[in-house]
Every structure is written in structure tokens, then in C-alpha cells.
Amino acid sequence: MVRLLCKVSIFCAAIFTFCMLTALAQEKKTPSVWFIGYPHMSCGFEMAVKLQKAGFNVNGMSHPGLEGPALKWDDVKKYNVLIVMGIGKSNADFTLSEKNKTNIEILNKFLNEGGGIFYIPQWVQQNTLIPPQKAFLDPLGITPLFDDVPVDPENSVNATSWKIDFAKTANIAKTPLTEGVKNFWFPVNTRAGAQNHTTPFTTGTDWTIAVKGEKSCSTQTIALDGIYSNKAMEGKIKSEVPIMAFRQVGKGRIICFGVTSEYLFNNVASTTLEGIVMEKGLKKVPSDGYKLIENSLKWLAEPSLSETVLGGAPMNTALLENPFKTKFGTPFVWDDKVKRLESSA
């Protein structure tokens with residue numbers, strides 16, 4: 001009888017251990033996404049809610065992002081996907097700072113370990129933002145054209161209170177990233193706010209272009225301290241401007257996406273910018289921007305979900321709270337305050 005009880009106990013312990021390990025494995029398989037960068041990388045509450053519903057754990061780097069302390073591997077390895085827009089500023093003489101070098105080294109390690117990076121080239125007002133990005137992207141075979149702005153007079157529609165032109169493209173390749181994607185609207189002809197809104201790029205042969213502008217879409221070259229006009233110089237790309245490209249790097253994967261985060265992830269995407277890029281579109285033609293994002297994050301997370309090195313960060317539930325909703329505190333009880341003042345008089 002004692003032997004039987006011992007066997008039963010061992011069996012139960014084995015079942016319990018198996019269940020615990022299975023639960024941990026299932027928890028591990030939830031892809032974790034971290035929003036990092038500088039200066040405008042953040043995840044608005046609406047996007048955080050959507051991504052959680054789509055099966056992602058989401059977190060964001062607090063201000064000032066990559067202009068704060070350098071990345072640490074122990075933090076980065078908790079994620080399956082990094083959404084990166086800008087890597088911070090170089091030194092004033094455009095040489096890389098030690099922090100730049102550390103961040104680039106860790107991003108490359110993340111790729112080699114099987115992580116996924118959704119990269120958005122970023123220029124806004126400061127030329128010192130460019131050298132760290134070139135140092136990271138050049139060895140990967142992709143070159144953002146920060147001096148160029150995409151234009152497409154044939155497919156442009158002016159919209160929003162900012163009077164921004166948006167162009168539609170259906171020039172979309174069949175890839176895992178574009179499944180279910182038919183049309184995509186993106187900002188053109190503008191440097192409103194002294195920044196690039198869509199950064200075109202050129203790629204090497206290791207990259208696959210997933211989304212391009214139409215044949216009528218080209219670029220115009222404008223000095224970074226200049227303003228768009230019809231007299232701008234003819235740009236480096238004459239037709240079908242690349243907007244989204246991807247490739248394998250080591251065990252990991254990377255996507256370059258030309259449209260800035262304001263149109264994709266930030267709270268202004270659905271308010272000031274009216275959701276045109278992500279879903280609404282224009283002229284009764286919707287945009288499949290959100291579908292592109294969800295497909296991309298799933299594809300980027302795939303390699304590391306079967307590994308044990310990366311992932312495991314929980315959902316930052318604070319990102320799910322609506323910051324525009326009024327929160328009422330506990331009213332101050334003035335009667336008690338008055339009584340204490342009267343008794344002390």
C-alpha cells in the first residue's frame with residue numbers, strides 16, 4: 001500500500017510539473033513588443049489595445065528614450081520584437097557617441113539571436129539624428145534618403161487640418177507581410193513640422209520590397225533645412241518609391257518602414273491625422289495600414305518564439321488606459337480642515 005501511494009505521489013508530481021512547464025511554455029509563446037527610439041517613439045492607448053487583442057504583450061520606453069541610458073541586453077532580451085524609430089543623437093561633430101555604439105551593438109546582437117526589428121528611419125530638425133542610423137543600417141544594405149521626399153501628383157489627396165497630401169498605392173507584392181493588404185495610403189509632398197513624414201530608401205539585393213508607390217510616385221531632393229516646393233530638385237528615385245522592405249539577418253528578421261510613427265502608433269494617428277494611414281483612407285478607399293503592422297509583428301516574432309533566449313516580458317497595462325479620460329480623485333473634506341483651524345485659533 002505504501003509503495004502504491006508513493007507511485008501515485010510521484011505520478012501526481014510529474015503531472016503537476018508537466019502542467020507547470022506547459023503553462024510556462026504557453027506564456028513564453030506570447031510575443032512581447034517594445035517601442036524604443038528617439039525623439040517621438042511611443043505607443044498610443046488605441047494601438048496598445050489593438051495589439052493586446054491581437055495577442056501581443058506591449059511596452060514602451062519612457063522619455064527620453066534612446067537619449068537616456070544606453071540599452072542593456074538584460075532588458076532587450078525580454079522582447080521578441082523591437083519597434084525602433086531613430087537611435088538617438090550623435091556627437092555634435094557627427095561622430096558616434098559611446099552610447100550610440102552600445103545601442104547599435106545590442107540591436108545587432110538582438111537580430112543575431114533571432115529577434116525582430118521594425119525599423120522606421122527618422123529625421124526631425126536635428127542632423128545629429130542621422131549618423132547613428134547610418135551606422136546601424138548601412139551594414140545591413142539599406143540607405144534611407146533623408147534628403148528626399150516622395151511625391152505623387154497623380155494619386156495625391158490633400159487632407160487633415162495640417163493640409164497634408166496623401167498618396168494611395170496598390171503596388172503591393174505578395175509576401176507574408178502583405179496578406180490581406182490591398183491599398184495603402186501614405187503622406188507625401190511634405191516636411192510639415194520640419195521632419196520627414198515618409199522617408200524613401202534604397203536597398204541591396206538581400207532585401208525584398210513589399211510595398212512601393214505607384215509608377216507615378218518619385219522623389220524630390222530638398223535640403224534638410226529647406227521647404228518643399230515645385231522647384232525642388234529631381235530626386236534619386238524616379239518611379240515606384242520603396243515604402244516597406246524586409247530581410248533575414250542572422251537568426252532574426254528586420255523590416256524597414258518609411259512612414260513615421262505619428263501615423264502608425266501614436267495617439268495622434270487617429271485624431272489629428274484622422275486614421276488615414278492605418279484604416280480610414282480617403283476617397284472611399286480604405287487603407288490597410290493596421291493589417292500591415294499586425295502581419296509584420298507576427299512575422300518578426302516567429303523566429304524567437306521557438307527559442308528560449310528571447311521574450312517573456314509582460315503586458316504594460318498602463319498603456320491600455322485612455323489618457324484623455326478624466327479621472328476623479330477623492331474630494332477634499334473642507335469641514336474637517338475648518339474645524340482644526342478654529343480649534344487652534
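A donor atom on one side chain and an acceptor atom on the other are found under 3.5 Å apart for Asn91 and Thr95. Side-chain contact check for Asn103 and Asn100: no donor-acceptor pair (N or O, by modelled atom type) lies under 3.5 Å. Donor-acceptor pairing under 3.5 Å is lacking for the side chains of Glu274 and Thr160. Between Asp148 and Thr221, the side chains place a donor N or O and an acceptor N or O closer than 3.5 Å (distance only, hydrogens not considered). Inspection of the Asn196 and Gln122 side chains reveals no N or O donor paired with an N or O acceptor under 3.5 Å. Side-chain contact annotation: Asn295 with Thr178, donor-acceptor N/O pair under 3.5 Å absent. Side chains of Tyr79 and Asn59: a donor on one and an acceptor on the other come within 3.5 Å. Inspection of the Glu262 and Thr260 side chains reveals an N or O donor paired with an N or O acceptor under 3.5 Å.
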Exercise. Show your working on side chain to side chain contact (heavy atoms under 4.5 Å, CB included) between Ile120 and Val259 and close with a plain yes or no.
Key: CA-CA 7 Å; Ile120 303 171; Val259 181; over 6 Å; no
Practice problem: Evaluate the criterion side chain to side chain contact (heavy atoms under 4.5 Å, CB included) for residue pair Arg247 and Cys256; output intermediate values, then yes/no. | Solution: CA-CA 9 Å; Arg247 65 163 292 187; Cys256 184; over 6 Å; no
Exercise. Verify side chain to side chain contact (heavy atoms under 4.5 Å, CB included) between Ile276 and Ser287, making sure each step is shown before the conclusion.
Key: CA-CA 7 Å; Ile276 292 169; Ser287 182; 5.9 Å; no
Self-check item: Steps toward side chain to side chain contact (heavy atoms under 4.5 Å, CB included) verdict (Asn57, Lys78)
Solution: CA-CA 11 Å; Asn57 289 334; Lys78 297 175 184 177; over 6 Å; no
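Once rounded to the nearest 0.5 Å, the distance linking CD of Glu294 with NZ of Lys291 reads 5.0 Å. Expressed to the nearest 0.5 Å, how far CE of Met244 lies from CG of Leu292 amounts to 5.0 Å. Note: Ile36 CD1 to Ser42 OG = 13.5 Å, rounded to the nearest 0.5 Å. Between Trp34 atom CH2 and Asp75 atom CG the span is 5.0 Å, to the nearest 0.5 Å. The CE atom of Met47 lies 10.5 Å from the OG atom of Ser261; values are rounded to the nearest 0.5 Å. Distance check: Phe146 CZ to Gln195 CD gives 12.0 Å after rounding to the nearest 0.5 Å.
The backbone N or O of Val268 sits nowhere less than 3.5 Å from a side-chain atom of Thr272 that would complete a donor-acceptor pair. The main-chain N or O of Leu129 is found under 3.5 Å from a side-chain atom of Gln133 such that the two form a donor-acceptor pair. Under a 3.5 Å cut-off, the side chain of Lys99 and the backbone N or O of Gly68 do form a donor-acceptor pair. Asp288 places a side-chain N or O within 3.5 Å of a backbone atom of Asn183 that can act as its donor or acceptor partner. Between the side chain of Asp206 and the backbone N or O of Gly141 there is no donor-acceptor pair closer than 3.5 Å.
Across Asn80 and Gly311, no two heavy atoms sit closer than the pair OD1-CA, 3.6 Å. Scanning all heavy atoms of the two residues, the minimum distance from Ile164 to Pro187 falls at CG2-CB, 4.1 Å. Contact record, Pro303 with Ser306: O-OG, 3.3 Å, taken as the closest heavy-atom pair. Here the shortest heavy-atom pairing between Thr219 and Lys236 reads OG1-N, 3.2 Å. Between Ala269 and Leu264, the shortest heavy-atom distance links the atoms CB-N, 4.1 Å. Here the closest heavy-atom approach between residue Ala135 and residue Leu96 is recorded as CB-CD1, 3.6 Å.
For the pair Pro200 and Ile237, the minimum side-chain heavy-atom distance is below 4.5 Å. Contact of the Lys168 side chain with the Leu282 side chain is not registered, since no non-hydrogen atoms from C-beta on lie closer than 4.5 Å. The side-chain heavy atoms of Trp123 and Thr199, taken from C-beta on, include no pair separated by under 4.5 Å. With contacts defined as side-chain heavy-atom distances shorter than 4.5 Å, the pair Val33/Ile83 qualifies. For the pair Ile243/Phe201, no side-chain contact is recorded, criterion being any heavy-atom separation below 4.5 Å from C-beta on. Contact check for Met315 versus Gln52: side-chain heavy atoms found under the 4.5 Å cut-off. Two residues are said to be in side-chain contact when any heavy atoms from C-beta on lie closer than 4.5 Å; Leu145 and Thr202 meet this criterion. A heavy-atom distance below 4.5 Å is not found between the side chains of Lys280 and Trp185.
Taking the six-membered ring where the residue is Trp, the centroids of Phe257 and Phe118 are separated by under 6.0 Å. A centroid separation of less than 6.0 Å is found between the aromatic rings of Phe136 and Tyr119.
For Thr205, there are no side chain to side chain contact (heavy atoms under 4.5 Å, CB included) partners at least two apart in sequence or on another chain.
Crowding of Glu105 atom CD: a count of heavy atoms from other residues, nucleotides or ligands under 6.0 Å not exceeding 12. Counted within 6.0 Å of CD on Glu179, heavy atoms from surrounding residues, nucleotides or ligands total 12 or fewer; the atom is thus considered open. No more than 12 heavy-atom neighbours from other residues, nucleotides or ligands sit within 6.0 angstrom of NZ on Lys134. The local environment of NZ in Lys238 is crowded, with over 12 non-hydrogen atoms from other residues, nucleotides or ligands closer than 6.0 Å.
If you run side-chain contact (heavy atoms from CB on, under 4.5 Å) between Lys89 and each of Thr128, Asn127, Ile130, only Thr128 comes through. In summary, of the residues considered (Thr169, Asn155, Val151), a side-chain contact (heavy atoms from CB on, under 4.5 Å) with Ser216 occurs for Asn155 alone.
Linking Ile, Leu, Val, Met, Phe, Trp and Tyr residues whenever their side-chain heavy atoms come within less than 4.5 Å places Leu51 and Tyr263 in a single cluster. Residues Val241 and Ile172 fall into different hydrophobic clusters, defined by Ile, Leu, Val, Met, Phe, Trp and Tyr side chains chained together at heavy-atom separations under 4.5 Å. A continuous path of ILVMFWY side-chain contacts below 4.5 Å connects Trp207 to Leu111, so both sit in one hydrophobic cluster. Hydrophobic clustering, with ILVMFWY side chains joined whenever heavy atoms are under 4.5 angstrom apart, keeps Val124 apart from Phe94. A chain of hydrophobic side-chain contacts below 4.5 Å, direct or via other Ile, Leu, Val, Met, Phe, Trp or Tyr residues, connects Trp162 to Val188.
Between Arg253 and Glu302 there is a salt bridge, with a side-chain nitrogen of the basic residue lying less than 4.0 Å from a carboxylate oxygen of the acidic one. Note on Lys50 versus Glu279: salt bridge recorded, some NZ/NE/NH1/NH2 to OD/OE distance being below 4.0 Å.
Relative to the ring axis of Trp73, Lys109 places its NZ or CZ within 45° and under 6.0 Å from the centre.
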